[in-house]
Novice: 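I have a structure here, written as structure tokens, and I will follow up with some questions on it.
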Amino acid sequence: MFDLLPKTVDIVEVGPRDGLQNEKTSLSAQDKIDFIDQLSLVGFKRIEAGSFVSPKWVPQMASSDQVMRAIKRFDGKRYSALTPNLKGFDLAMQVNTQEVAIFGAASESFSQKNTNCSIKESLERFAPVAEKAKKHNIPVRGYVSCVMGCPYEGDIQIKDVVWVSKALLDMGCYEISLGDTIGVGTPLKTKALIEACLQVIPSNQLAVHFHDTYGQALANILTAIQLGISVIDSSVAGLGGCPYAKGASGNVASEDVVYMLHNMGIDTGINLEQLIQVGKSISAKLNRNNGSKVGEAAP
Ligand SMILES: CC(C)(COP(=O)([O-])OP(=O)([O-])OC[C@H]1O[C@@H](n2cnc3c(N)ncnc32)[C@H](O)[C@@H]1OP(=O)([O-])[O-])[C@@H](O)C(=O)NCCC(=O)NCCSC(=O)C[C@@](C)(O)CC(=O)[O-]
């Protein structure tokens, strides 16, 4: 049953973006910079540090340019940001963003609510971003939201996730992150989805991005890694959610993922004790409960 477990797993820390974009308390640019620097020191090699989207749509991300300018850059680490269109890409390039992400959805309604356009139109907007990124040698990650269900449409068909994922891959994304935006997935649904995606996308180009709304995220992650997935998105202290998915709680907590993996003999390169302290301190700063069970249990 555990034959296929990897020896190492890469964790993409999305707290500074997916986490903070939906918190009621907006942090100052300096607080975000300190937060990201702490996450670098804890050992994350990939940190999603901001988002170049409309500040009218997501005001919490408005200081992403200041953040990108000032964070400490460590060798061997990549600091990425969301760029939904060429405007976002150009802004990201002005502040030395090392990797960008374009974000589509498997649900028409979610695509409209999140990006004000249909799935097809979103792909048309992403294509020039991917093309320009290629010219600049900037890696592009592709997200697909609502892979297990949509807050507006309910069930989503696996075939819709597969075709949007493949379209992003064909556009040049080096990795596709499958987003369970509202955390409704369960292990058997995860298995069916990943098996279908693996028909068209190699396992080393797939990542999973679970929100923990229904407490299923760790079980789903375990299912995913048993199927050969070795890149997991998570957010310290389980911060955040999506502003255009009402009721969606935070991402699975990084501390909980690291605890599970380390105790299964899977290396992440992250110092769990230090990570727990970062989770406690950011929760205090945001005046919110710590969404990590491990963070809460630790003295
Ligand atoms: C996509 C748009 C921009 C389209 O928004 P739009 O209104 O259709 O775009 P527009 O081109 O008509 O522009 C409208 C205004 O926005 C400005 N604008 C336009 N583009 C940019 C930009 N890049 N950066 C800064 N400003 C921008 C533009 O300049 C203009 O300003 P105005 O003339 O009104 O002053 C808008 O819908 C938007 O920003 N949406 C935000 C979506 C978002 O960030 N959602 C959360 C992230 S996705 C997520 O959380 C899911 C994920 C990835 O985590 C996976 C999962 O869990 O499912």
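When a ligand or atom number is given, it counts from 1 through the structure's own listing order.
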Novice: Which heavy atom of D233 sits nearest a heavy atom of A207, and at what distance?
Specialist: OD1-CB, 4.4 Å
Novice: Looking at non-hydrogen atoms alone, which of H209, K87, R125, K113 comes nearest to atom 1 (C) of ligand 1?
Specialist: R125
Novice: So which of S145, C146, C150 gets nearest to atom 56 (C) of ligand 1, if we judge by its closest heavy atom?
Specialist: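 Nearest option to atom 56 (C) of ligand 1, by heavy atoms: S145.
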Novice: Which is it for V14 and ligand 1 at heavy atoms under 4.0 Å: side chain, backbone, both or neither?
Specialist: neither
Novice: Between N251 and ligand 1, which residue portion shows a heavy-atom distance shorter than 4.0 Å: side chain, backbone, both, or neither?
Specialist: neither
Novice: Pairing donors with acceptors under 3.5 angstrom, does anything connect the side chains of R73 and Q98?
Specialist: yes
Novice: Measuring from the heavy atoms of M61, does anything fall under 4.0 Å of ligand 1?
Specialist: no
Novice: How about CG on N287, more than 12 heavy atoms from neighbouring residues, nucleotides or ligands closer than 6.0 Å, or not?
Specialist: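 12 or below, so no.
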Novice: Atoms of ligand 1 less than 4.0 Å from L82 heavy atoms?
Specialist: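 So the answer, numbered in order with elements, is 47 (C).
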Novice: For atom 19 (C) of ligand 1, which candidate among V58, N85, I182 holds the nearest heavy atom?
Specialist: N85
Novice: For ligand 1, find out whether one of its N or O atoms is nearer than 3.5 Å to an N or O atom of G88.
Specialist: yes
Novice: Taking 4.0 Å as the limit for heavy-atom contacts, which would you say applies to R17 with ligand 1: side chain only, backbone only, both, or neither?
Specialist: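 The answer is the side chain of R17.
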Novice: Please indicate whether any nitrogen or oxygen in N116 is less than 3.5 Å from any nitrogen or oxygen in ligand 1.
Specialist: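 Yes, at least one N or O pair falls under 3.5 Å.
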Novice: Out of curiosity, is S177 lining ligand 1, as in a heavy atom under 4.0 Å away?
Specialist: no
Novice: Under the 6.0 Å and 45° cation-pi test, does R17 pair with Y143?
Specialist: yes
Novice: I'd like to know if the side chain of T186 pairs up with that of Q216 as donor and acceptor (distance under 3.5 Å, no hydrogens or angles considered).
Specialist: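 Result is no, nothing qualifies.
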Novice: Check this for me, if you would: do R288 and E23 make a salt bridge, where the nitrogen-to-carboxylate-oxygen distance has to be below 4.0 angstrom?
Specialist: yes
Novice: Indicate, as side chain, backbone, both or neither, the part of P55 found under 4.0 angstrom from ligand 1 when only non-hydrogen atoms are considered.
Specialist: side chain
Novice: Determine whether the side chain, the backbone, both or neither of F52 has a heavy atom under 4.0 Å from any heavy atom of ligand 1.
Specialist: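 Only the backbone of F52 comes within reach of ligand 1.
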Novice: With heavy atoms only and a cut-off of under 4.0 Å, state how N114 meets ligand 1: side chain, backbone, both or neither.
Specialist: both
Novice: Just by distance, with hydrogens left out, do D256 and S292 show a side-chain donor and acceptor under 3.5 Å apart?
Specialist: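 The answer is yes; a qualifying pair exists.
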Novice: List ligand 1 atoms under 4.0 Å from Q21, heavy atoms only on the residue side.
Specialist: 46 (C), 47 (C), 49 (C), 50 (O)
Novice: Check ligand 1 against H211 and write out every atom of the ligand that is under 4.0 Å from a heavy-atom position of the residue.
Specialist: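 The list of qualifying atoms is 57 (O).
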Novice: Measure up the H136 and F89 rings against each other and bin them: parallel (under 30°), tilted (30 to 60°), perpendicular (over 60°).
Specialist: perpendicular
Novice: Can you find a side-chain donor-acceptor pair between E48 and Y79 that sits under 3.5 Å?
Specialist: no
Novice: Does only the side chain of V53 get under 4.0 Å from ligand 1, or the backbone, or both, or neither? Count heavy atoms.
Specialist: both
Novice: Are V100 and Y174 in one and the same hydrophobic cluster, where Ile, Leu, Val, Met, Phe, Trp and Tyr link if side-chain heavy atoms are under 4.5 Å apart?
Specialist: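 Shared cluster, no.
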Novice: Looking at ligand 1, does any of its N/O atoms fall within less than 3.5 Å of an N/O of D180?
Specialist: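 Looking only at distances, the answer is no, because the N/O contact criterion of under 3.5 Å is not met.
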Novice: When you compare ligand 1 with K56, is there at least one nitrogen or oxygen pair between them that comes in under 3.5 angstrom?
Specialist: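 Between K56 and ligand 1, an N or O pair is found under 3.5 Å apart.
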Novice: Which of the numbered atoms in ligand 1 are under 4.0 angstrom from any heavy atom belonging to D18?
Specialist: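 Answer, ordered by atom number: 50 (O), 54 (O).
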Novice: Is it the case that D90 and Q94 place a side-chain donor and acceptor less than 3.5 Å from each other?
Specialist: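 Absent: no donor and acceptor within the cut-off.
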Novice: Quick check: closest heavy atoms across S63 and A29, and the distance to 0.1 Å?
Specialist: CB-CB, 4.0 Å
